[in-house]
**Student:** 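Okay, handing you the structure first.
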Amino acid sequence: MAGRNDPQGSNRDIRDDFRAEIREFLGTRRARVTPEQAGLPLYGGERRRVTGLRREEVALLAGISSEYYTRLERGNATGVSESVIEGIAQALQLDEAERIHLVDLLRGAGTTRPPRRRPAQQRVRPTVQRVLDSMAGTPAFVLSGRGDILAANRLGRALFSPVYADPVRPPNNARFVFLSPHATEFFRHWDEVANDAVAMLRAEAGRDLYDRRLSDLIGELSTRSEEFRRRWAAHNVRMHTTGVKLLHHPVVGDLDLPFETFPLGDGPSQFLLTYTAEPASPSHDALNLLASWAATNDGIERSAPDDDSESADPAETPD
């Protein structure tokens, strides 16, 4: 995403960024599928100069011409039909998250709107905060697509107290994962959490490459973390809606917490995240202990307002 906040960006074809993303995304997807996995024959002694499938092999599997697929992979995405997208998705064995990401990139490559340097503020409705507060025994959060913690209830703030320790506001999950020295202790399966964090940021970038806060965050992480740079270059995307998070909390120790995410009405870039514990499990006991601790040590700020105190530039109004 380098250059997307360039002051000279208005003089560039804004579709170039999406075209580059299409080229890199399809190239990485093509490289991971072998001819054997795709059901293509290999002839004796054949020497291949590419990892994975050739462009003409993808085109054959997708039922389109090699010339058309080559143009598309280079970012010439005008008027791509649903049947072509489906054919490419099947040829490259894309999952649902990857298919949605490809559609987002193709849509962006066809846009002519100017870059939106300043995104609309993400605010949490008071009714949503009341819902969070009513879930007294469940850690609950509202997160943005960038991983910003926009709101939480008391138990949620207690559970993520190491994340809230970062003075940068709003607290951000990806920043904590890659820049905090405490992240590898807090997340017992740090490598998996790191992969998921990058995959979610990559999917969010596909929805809007010109979210200034997102590009600033990616730039910061790319500059300061080799672990992030390596994962970002892989172009992996993922839907992360349910699972089990393995944590080590500094107050109550290990917790194995199933989680669920629910999109909110404000769009795909804001969602509710909840954690629960299996009844009568050690994690359930630890969560109850954490709730007692939180009730008497509620020094963590109630919410994490967006750090958007600067005055808006009239030229930076959101769509």
**Student:** Of all heavy-atom pairs between G79 and Y68, which one has the smallest distance, and what is that distance?
**Tutor:**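 Nearest heavy atoms, G79 then Y68: O-OH, 4.4 Å.
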
**Student:** Rounded to the nearest 0.5 Å, what's the gap from CE on M239 to OG1 on T261? Could you check?
**Tutor:**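 So the CE of M239 and the OG1 of T261 are separated by 10.5 Å.
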
**Student:** Do any N or O atoms from the side chain of S225 and from the backbone of S222 form a donor-acceptor pair under 3.5 angstrom?
**Tutor:**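 No, because the side chain of S225 does not come within donor-acceptor range (under 3.5 Å) of the backbone of S222.
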
**Student:** With clusters defined by side-chain heavy atoms of hydrophobic residues (ILVMFWY) lying less than 4.5 Å apart, directly or transitively, does L246 cluster with F259?
**Tutor:**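 Shared cluster, no.
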
**Student:** Does any N or O in the side chain of N153 come within less than 3.5 Å of the main-chain N or O of A140, such that one atom is a donor and the other an acceptor?
**Tutor:**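 Such a contact is found between N153 side chain and A140 backbone.
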
**Student:** When you group the ILVMFWY residues by side-chain heavy-atom contacts below 4.5 Å and let the links chain together, are L94 and I100 in the same group?
**Tutor:**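 In one cluster with I100: L94, no.
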
**Student:** If Ile, Leu, Val, Met, Phe, Trp and Tyr residues are connected whenever their side-chain heavy atoms lie under 4.5 Å apart, and connections chain through other members, are I64 and L40 in the same group?
**Tutor:**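 Yes.
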
**Student:** Rounded at 0.5 Å granularity, tell me how far CG in L61 sits from CD in Q90.
**Tutor:**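 With rounding to 0.5 Å, CG (L61) is 10.0 Å from CD (Q90).
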
**Student:** Run the side chain to side chain contact (heavy atoms under 4.5 Å, CB included) check on E260 and T276 step by step: do they pass?
**Tutor:** CA-CA 9 Å; E260 299 286 342; T276 58; over 6 Å; no

**Student:** Do the side chain of S134 and the main chain of V131 share a donor and acceptor less than 3.5 angstrom apart?
**Tutor:**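 Side chain of S134 to backbone of V131: a pair is present.
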
**Student:** In terms of side-chain geometry, is the basic nitrogen of E226 or R230 positioned less than 4.0 Å from the acidic oxygen of its partner?
**Tutor:**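 Salt bridge absent between E226 and R230.
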
**Student:** Between R71 and E67, does any NZ, NE, NH1 or NH2 come within less than 4.0 Å of an OD or OE carboxylate oxygen?
**Tutor:**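 Here E67 does not pair with R71 in a salt bridge, since their nearest N and O are not under 4.0 Å apart.
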
**Student:** Under 4.0 Å between a Lys/Arg side-chain N and an Asp/Glu carboxylate O for D256 and R188?
**Tutor:**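 Yes, this pair counts.
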
**Student:** If the threshold is 4.0 Å, N to carboxylate O, is there a salt bridge linking R54 and E57?
**Tutor:**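 A salt bridge links R54 with E57.
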
**Student:** Quick one, V193 and K245 - any side-chain contact, counting heavy atoms below 4.5 Å?
**Tutor:**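 A side-chain contact exists here, since the closest heavy-atom pair is under 4.5 Å.
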
**Student:** Do Y69 and I88 have side chains that get closer than 4.5 Å, going by heavy atoms?
**Tutor:**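 Yes, at least one pair of side-chain atoms sits under 4.5 Å.
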
**Student:** Looking only at heavy atoms, what is the nearest atom pair of L287 and P139, with distance?
**Tutor:**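 That closest heavy-atom pairing would be CD1-CG, 3.9 Å.
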
**Student:** For a 4.5 angstrom cut-off between non-hydrogen side-chain atoms, does D196 reach E192?
**Tutor:**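 When only atoms from C-beta onward are counted, E192 and D196 do touch, with a gap below 4.5 Å.
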
**Student:** Taking it one step at a time, do R175 and E220 satisfy side chain to side chain contact (heavy atoms under 4.5 Å, CB included)?
**Tutor:** CA-CA 9 Å; R175 184 181 290 111; E220 177 188 8; 3.3 Å; yes

**Student:** Regarding R238 and E98, does a basic nitrogen lie under 4.0 Å from an acidic carboxylate oxygen?
**Tutor:**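 No, R238 and E98 are not salt-bridged.
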
**Student:** Which heavy atom in D133 sits nearest to a heavy atom in A152, and how many Å separate them?
**Tutor:**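 Looking at all heavy atoms of both residues, the closest pair is OD1-O, 4.4 Å.
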
**Student:** Quick check against the 3.5 Å criterion: does H189 have a side-chain atom that pairs as donor or acceptor with the backbone of L247?
**Tutor:**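 Side chain of H189 to backbone of L247: no pair is present.
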
**Student:** Is R213 salt-bridged to D211, going by a charged N under 4.0 Å from an acidic O?
**Tutor:**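 D211 and R213: not salt-bridged.
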
**Student:** Report the distance from atom CG of L257 to atom NE2 of H284, rounding to the nearest 0.5 Å.
**Tutor:**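 With rounding to 0.5 Å, CG (L257) is 11.0 Å from NE2 (H284).
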
**Student:** Report the distance from atom CZ of R157 to atom OH of Y164, rounding to the nearest 0.5 Å.
**Tutor:**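 If we round to the nearest 0.5 Å, R157:CZ and Y164:OH are 6.5 Å apart.
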
**Student:** Answer yes if W232 and W190 sit in the same cluster of Ile, Leu, Val, Met, Phe, Trp and Tyr residues linked by side chain heavy atoms under 4.5 Å apart, and no otherwise.
**Tutor:**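 Yes; W190 is reachable from W232 via cluster members.
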
**Student:** Between S283 and S281, is any side-chain donor less than 3.5 angstrom from a side-chain acceptor?
**Tutor:**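 No, no side-chain donor-acceptor contact under 3.5 Å.
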
**Student:** List the steps and the verdict of side chain to side chain contact (heavy atoms under 4.5 Å, CB included) for L221 and L179.
**Tutor:** CA-CA 8 Å; L221 297 178; L179 302 184; 3.8 Å; yes

**Student:** Applying side chain to side chain contact (heavy atoms under 4.5 Å, CB included), run through V80 and L72 and close with a yes or a no.
**Tutor:** CA-CA 8 Å; V80 182; L72 193 152; 3.8 Å; yes

**Student:** Is it possible for you to say whether V251 and L289 belong to one hydrophobic cluster, with membership spreading through side-chain heavy-atom contacts below 4.5 Å?
**Tutor:**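 Yes, one cluster joins them.
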
**Student:** Should P162 and S180 count as side-chain neighbours, where that means a heavy-atom distance under 4.5 Å?
**Tutor:**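 A side-chain contact is absent here, since even the closest heavy-atom pair is not under 4.5 Å.
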
**Student:** Is the closest side-chain heavy-atom distance between L26 and I22 below 4.5 Å?
**Tutor:**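 SC-SC contact between L26 and I22 confirmed.
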
**Student:** Is it true that Q270 and S144 share a donor-acceptor pair across their side chains at a distance under 3.5 Å?
**Tutor:**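 No, no side-chain donor-acceptor pair sits under 3.5 Å.
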
**Student:** What closest approach, in Å, do P35 and G52 show between heavy atoms, and which atom pair accounts for it?
**Tutor:**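 Nearest heavy atoms, P35 then G52: CD-O, 4.2 Å.
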
**Student:** So how far is it from F271 CZ to T241 OG1, rounded to the nearest 0.5 Å?
**Tutor:**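 The distance works out to 10.0 Å.
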
**Student:** Check whether any side-chain N or O of Q37 sits under 3.5 Å from a backbone N or O of T34 as a donor-acceptor pair, and report yes or no.
**Tutor:**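 Yes, because the side chain of Q37 sits within donor-acceptor range (under 3.5 Å) of the backbone of T34.
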
**Student:** Would you please indicate if the ring centroids of F186 and F160 are separated by under 6.0 Å?
**Tutor:**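 Yes; F160 has its ring centre under 6.0 Å from that of F186.
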
**Student:** If you count every heavy atom of other residues, nucleotides or ligands that lies below 6.0 Å from E278 atom CD, does the total exceed 12?
**Tutor:**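 Incorrect, the count does not exceed 12.
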
**Student:** With the threshold set at 4.0 Å, does a side-chain nitrogen-carboxylate oxygen contact exist between R231 and D191?
**Tutor:**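 Result for this pair is yes, salt bridge flagged.
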
**Student:** Check the angle between the aromatic planes of F176 and F187 and answer parallel, tilted or perpendicular using the 30° and 60° thresholds.
**Tutor:**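 Taking F187 first and then F176, their aromatic rings stand perpendicular (interplane angle over 60°).
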
**Student:** Looking at every heavy atom in both D104 and F18, which two are closest together, and how far apart are they?
**Tutor:**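 Scanning both residues completely, I find the closest heavy atoms to be O-CE2, 4.4 Å.
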
**Student:** For the backbone of L150 and the side chain of D148, can you confirm whether one donor and one acceptor N or O come within less than 3.5 Å of each other?
**Tutor:**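 No; zero donor-acceptor contacts below 3.5 Å.
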
**Student:** Report the residues that fulfil side chain to side chain contact (heavy atoms under 4.5 Å, CB included) with H235, sequence neighbours left out, ordered by chain and then residue number.
**Tutor:**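 In terms of side chain to side chain contact (heavy atoms under 4.5 Å, CB included), with neighbours along the sequence ignored, H235 is linked to E21, E24, F25, T28, R29, R202.
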
**Student:** With rounding to the nearest 0.5 Å, note down the distance linking CG in L201 to CG in N236.
**Tutor:**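 Here the interatomic distance stands at 12.5 Å.
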
**Student:** Kindly say whether L143 contributes a backbone atom to a donor-acceptor pair with the side chain of R146 at under 3.5 angstrom?
**Tutor:**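 Between the backbone of L143 and the side chain of R146 there is no qualifying donor-acceptor contact (under 3.5 Å).
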
**Student:** Hey, does the side chain of T138 reach the backbone of M135 with a donor-acceptor pair shorter than 3.5 angstrom?
**Tutor:**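 Flag not set: sc T138 to bb M135 has no pair under 3.5 Å.
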
**Student:** Taking the side chain as everything from C-beta on, heavy atoms only, tell me whether N173 gets closer than 4.5 Å to I149.
**Tutor:**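 No, side chains not in contact.
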
**Student:** Write down the atom of A109, the atom of G75, and the distance for their closest heavy-atom approach.
**Tutor:**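 Scanning both residues, the minimum pair turns out to be CB-O, 4.4 Å.
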
**Student:** Strictly below 4.0 Å, N to O, side chains only: are R30 and E73 in salt-bridge contact?
**Tutor:**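 Answer for the salt bridge query: yes.
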
